[in-house]
Number of protein chains: 2
Amino acid sequence: MRIAELSRRTGVPIPTIKYYLREGLVPAGERTGPNQAQYGEAHVKRLKLARALVEIGGLSIASAREALRLMFSAGLSELDTIGKAQYAMTPAREYVEDEAWDEAVAEVDELIAKRGWQVKATNPARRTLADALATLRRLDQDDYFELLDSYAETAERLADTEIETVARRGDLDSVAEAVVVWTAVGDTVLASLRRLAQEDRSTRLLGNP
Amino acid sequence: MRIAELSRRTGVPIPTIKYYLREGLVPAGERTGPNQAQYGEAHVKRLKLARALVEIGGLSIASAREALRLMFSAGLSELDTIGKAQYAMTPAREYVEDEAWDEAVAEVDELIAKRGWQVKATNPARRTLADALATLRRLDQDDYFELLDSYAETAERLADTEIETVARRGDLDSVAEAVVVWTAVGDTVLASLRRLAQEDRSTRLLGNP
DNA sequence: GGATAGTGGAAAGTATTGCTATCCATATTA
DNA sequence: TAATATGGATAGCAATACTTTCCACTATCC
């Protein structure tokens, strides 16, 4: 198929497809002439996937490229690759390293140790979490921390279910795709459900006194 | 205090504070002369809060302003106000209304009914969730849906704990602040913890065979 | 009391991001 | 053979979140 059909099949405008090709989110088609190329089902799939990461997952173009590259290049024989792809999905930030930050970092380390989680020191989620906790400290929302355990418990249970489902997949490419989609879109699903449950709970507790 | 101290106390650069004042994220100081104004502790708090929403919560300036305005203007006597502030924190998107979308919307309605959640039809999280689910359908990640229940269960349990903690607060302003912080920063905390738990679980399952 | 630095506010400028639009030589299709 | 489409390069554009510059004025230090 050529670019018009690729666009029709995915709903992505042609100029955007060209942009994604330029940016390396989608591999080039097979050239058949000076201004002709063929795209296949793999391109359709890859394009949908890229769009999902950007639109639903909120990844930047650069992060999406990196995540996709890592998942679908190295053959995924090593666990490292999965980890690195996940790392690529956590956007880098700058951190204010004050007292609140030091305490938050210690708190994250403590939590990980307490849970017995095997997590590399380089996992960027450590810093993101520390940053969020430091912010809560600076806002004097310290009672928030009572909830941290229940959040961690929740995350653990989710991860168990998720890993189990992913592991059921047959081929490696399928696992790779699931991991990428999962990580990015799962955040949004979870956040939405939390909003809905919150509305329900606050309506029950405060709405009908 | 004047703007320099406000900047020192919060770590926010002066030009950014001026920008936030212009954009209405922070109320104006008390004027004492043609080019002088006084700021107080309330301004410090509000500025930190605004920063947290923007930096950690990832809200746009416009969303942050709307959320803050709703929480701290109307007196919060009505439950509606809390709901509206939460709604303001869910960014609007455009939706592709195809077959996958229709099915996803039905699925969301079904889930809410099944759970017995009391959620207004106008809650934007409904659409965000439907959008995410529709994306999963379009990516043929249908087995994802087996997990939806466990996600919902999780969200419900979280909301229970959260609501309970917020309700313990004394004054209304404190509740308002907690709700805003909670909603925005909680997403990040949860997402980070999920990443960490995922690394642990995949290491255990696949890493040491 | 005079130099120096800081202030609030307005307006214009800037860096980044994620697309769109235009062009063009060549291909395909009606 | 005429209209339309293609791939690719380049330039343009709108939105966002600041930064910079300017100004008349104020506060503060020597």
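Within every chain, numbering begins at 1; the chains are lettered A, B, ... in the order of the sequence lines, protein sequences first and strands thereafter.
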Item to check | Length of the line joining L53(A):CG and dG18(C):P, which is rounded to integer Å | outcome: 13 Å

Item to check | Whole-Å distance separating the CD atom of E94(A) from the C1' atom of dT16(C) | outcome: 14 Å

Item to check | Gap between atoms NE2 and P, on H43(A) and dG7(D) respectively (whole Å) | outcome: 11 Å

Checklist entry - Salt-bridged, R168(A) to E146(B), with N to O below 4.0 Å? => result yes

Checklist entry - If you take atom types as modelled and just measure distance, does the side chain of R2(A) reach the base of dT29(C) with a donor-acceptor pair under 3.5 Å? => result no

Next on the checklist: Taking E162(B) first and then R201(A), would you say they form a salt bridge - that is, a charged N and a carboxylate O separated by under 4.0 Å?
Outcome noted: no

Checklist entry - To the nearest angstrom, how far is K18(A) atom NZ from dA11(D) atom P? => result 16 Å

Item to check | Residue-phosphate contact under 4.0 Å: Y20(A) side-chain N/O, dC19(C) OP1/OP2 | outcome: yes

Checklist entry - According to a strict under-4.0 Å criterion, is T16(A) in side-chain N/O contact with OP1 or OP2 of dG18(C)? => result no

Next on the checklist: Once you apply a heavy-atom cut-off of 4.0 Å, does P34(A) come out as touching a base, just sugar-phosphate, or nothing?
Outcome noted: sugar-phosphate

Checklist entry - Got a donor-acceptor pair under 3.5 Å from the side chain of R22(B) to the base of dT19(D)? => result yes

Next on the checklist: How many whole angstroms separate atom CD1 of I17(B) from atom C1' of dC18(D)?
Outcome noted: 13 Å

Checklist entry - Starting at CG of N35(B) and ending at P of dA5(C), how long is that distance when rounded to a whole Å? => result 18 Å

Checklist entry - So what does R51(A) hit on the nucleic acid, given a heavy-atom distance under 4.0 Å: a base, only sugar-phosphate, or nothing? => result sugar-phosphate

Checklist entry - Hey, is E41(B) close enough to R9(B) for a salt bridge, meaning N to O under 4.0 Å? => result yes

Next on the checklist: Can you give me the closest heavy-atom contact between A134(B) and A104(B), atom names plus distance?
Outcome noted: N-CB, 3.6 Å

Checklist entry - Which residue, Q36(A) or Y19(A), contacts DNA chain C at a nucleotide closer to its 5' end, judged by nearest heavy atom? => result Y19(A)

Item to check | Spacing of I3(A) atom CD1 relative to dT26(C) atom C1', expressed in whole Å | outcome: 15 Å

